[in-house]
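Order of appearance sets the numbers: ligands from 1, and atoms from 1 within every ligand.
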Amino acid sequence: MITATKPQPIKTKPGKMLIGGKWVDSRSGKTFETINPATGEVITKIAQGDKEDVDLAVKAARKAFEGGPWPKMDARDRGKLLARVAELVLKNLEELAVMETMDNGKPISHSRNADVPLTADTFFYYAGWADKIHGETIPVRGNYFNYTLREPVGVVGQIIPWNFPLLMAAWKLGPALACGNTVVLKPSKFTTLTCLRLGELIMEAGLPEGVLNIVTGPGETVGTALAQHPDTDKVAFTGETTTGKSIMRAAADTLKRVSLELGGKSPNIVFADADIESAIKGSLMGIYFNQGECCCAASRLFVEKKIHDEFVEKMATFANKMKVGDPLDPRTEMGAMVSQDQFNKVLRYIEVGKKEGAKLTCGGERLGSKGYFIKPTIFDNVKNDMKIAREEIFGPVVSAITFKDIDEAIEEGNLTEYGLAAAVWTRDIKKAHLAARRLRAGTVWINTYNAFDAASPFGGYKQSGFGRELGLHSLELYTQVKSVWVNLD
Ligand code: NAD
């Protein structure tokens, strides 16, 4: 029986959007309900934005960019402000963690130890970059002095998903603001609360009005309006690959810059010479962290033939023992799927796996009768061309596949339209590095999984998107280069 801890009162301003420095209702006055996925109950109501609200937000962002203090401010002062945001996030860690867990369904231990601290870390990191973004002098032919200016792109639309709501906002806002852009942010309709609270904290830190605007509501209306808007200079998107494609199409008419962080079907390759205990631990964390609702989830588990059966059996034993349930219980290891839709989608894929003839080794069903909980699930004897091995399930479901040698592992691992992440587990350092080179993915982990740092780039190969977030690479997404020529004759 799953019992969720009593939900906490929400202190933020739900039902309002942030436009031009003010918390306002949607133009239509409409709202929608946000649900606690652990109970299926309504937490609160959120303003339902539409095209007119996006127009107002873009206008406010344009005004702040063209005439406001933000892009002209001393870069070090912009950095200081971002550092204040980071401090405020840490000061409000507990409130943000509880809010994130209630809205998303993830375990409170993850919100407390990953989502919120990493959000602060991202703002601290980009606070440090603000005054280190500069151009270069170039030794051109002729009697000229040529130099470059690295300038902000302008008004940026940012559209983020529901799996790490606060952290995805930080990945996008940190670099965009450090570079002096102004922003219209659109959180997922499933998880709006922490983004609104972050908006409050950012305003409390002293951000000038209009620099950050938040429009809440559905992707089909708010997201599309933002991607199509004639007066945004860039759209940055994280979400499903199919949505990314429609965003790129919508952005084409105005040729705005586009960066896309999309889905994945990451190969997690375990060689027989690996440290088996840590490979099992890492593989469990790789797939079940955040209920498998991770773009880089280790959803295809390739195990070398010699150890395959024993490895999968041990993994299933641990998976069966995982504590799934009340996300607000600090001992919980896996929480609820974010929504009824996502819950249904994952259960549908489990049925597909059974029909395709994969062997259900553990899990494969919902847990309890209330809330959107699914047991950690392992399918064995999976063929790489089965639907469950090709499509992103975005849930706690892993497909185990056997391989005989490194060539087969790499070939099959790369046999996917995605290219977000990959991992290899081996004690052979040469094999590990050779595999890392041959895997077509934006991140390769060796003897670890889900290692992240604000300083290290993250993004996709192939249909997992383009552009790199985090690290100095993200600054490329939010700046453009101007070449200035001075005649010295
Ligand atoms: P989604 O594509 O359904 O939605 C993402 C965002 O886009 C939401 O804010 C949504 O409202 C909006 N949106 C939906 N339709 C839109 C449209 N037609 N035009 C404009 N905006 C629209 O994705 P999701 O279900 O929220 O998130 C899960 C997906 O995100 C997974 O595919 C996952 O792999 C991916 N993801 C990728 C990364 C990465 O860094 N590569 C990180 C996290 C999540």
Do Y349 and E391 have side-chain N/O donor and acceptor atoms under 3.5 Å apart? yes

Go through the side-chain N and O atoms of S399 and K383 and say whether any donor and acceptor fall under 3.5 Å apart. no

In the protein, which heavy atom is nearest to [atom], and how far is it?
{"atom": "atom 44 (C) of ligand 1", "result": "N163 ND2, 3.3 Å"}
{"atom": "atom 11 (O) of ligand 1", "result": "K186 NZ, 3.0 Å"}
{"atom": "atom 42 (C) of ligand 1", "result": "C295 SG, 2.9 Å"}
{"atom": "atom 21 (N) of ligand 1", "result": "G223 CA, 3.4 Å"}

Test of understanding: given a 4.0 Å heavy-atom threshold, classify the contact between [X] and ligand 1 as side chain, backbone, both, or neither.
{"X": "T224", "value": "both"}
{"X": "E392", "value": "side chain"}
{"X": "F190", "value": "neither"}
{"X": "C294", "value": "neither"}
{"X": "V222", "value": "neither"}
{"X": "T243", "value": "side chain"}
{"X": "I247", "value": "side chain"}

Output, in order, the C-alpha distance, side-chain angles, deciding distance and verdict of salt bridge (Lys or Arg N to Asp or Glu O under 4.0 Å) for K323 and E333. CA-CA 5 Å; K323 188 165 164 27; E333 293 169 297; over 6 Å; no

P117 to L90 - nearest heavy-atom pair and separation: CA-CD2, 4.4 Å

Identify whether the distance between the nearest side-chain nitrogen and carboxylate oxygen of [X] and [Y] falls below 4.0 Å.
{"X": "E351", "Y": "R348", "result": "no"}
{"X": "D233", "Y": "R257", "result": "no"}
{"X": "E417", "Y": "K462", "result": "no"}
{"X": "E100", "Y": "R112", "result": "no"}

For atom 17 (C) of ligand 1, state which one of G264, C195, G219 supplies the nearest heavy atom. G219

Nearest neighbour of atom 7 (O) of ligand 1 from the list W171, Y418, F237, on a heavy-atom basis: F237

What do you reckon, does C296 put a non-hydrogen atom under 4.0 Å from ligand 1? no

Consider ligand 1: state whether an atom of it lies below 4.0 angstrom from any non-hydrogen atom of S246. yes

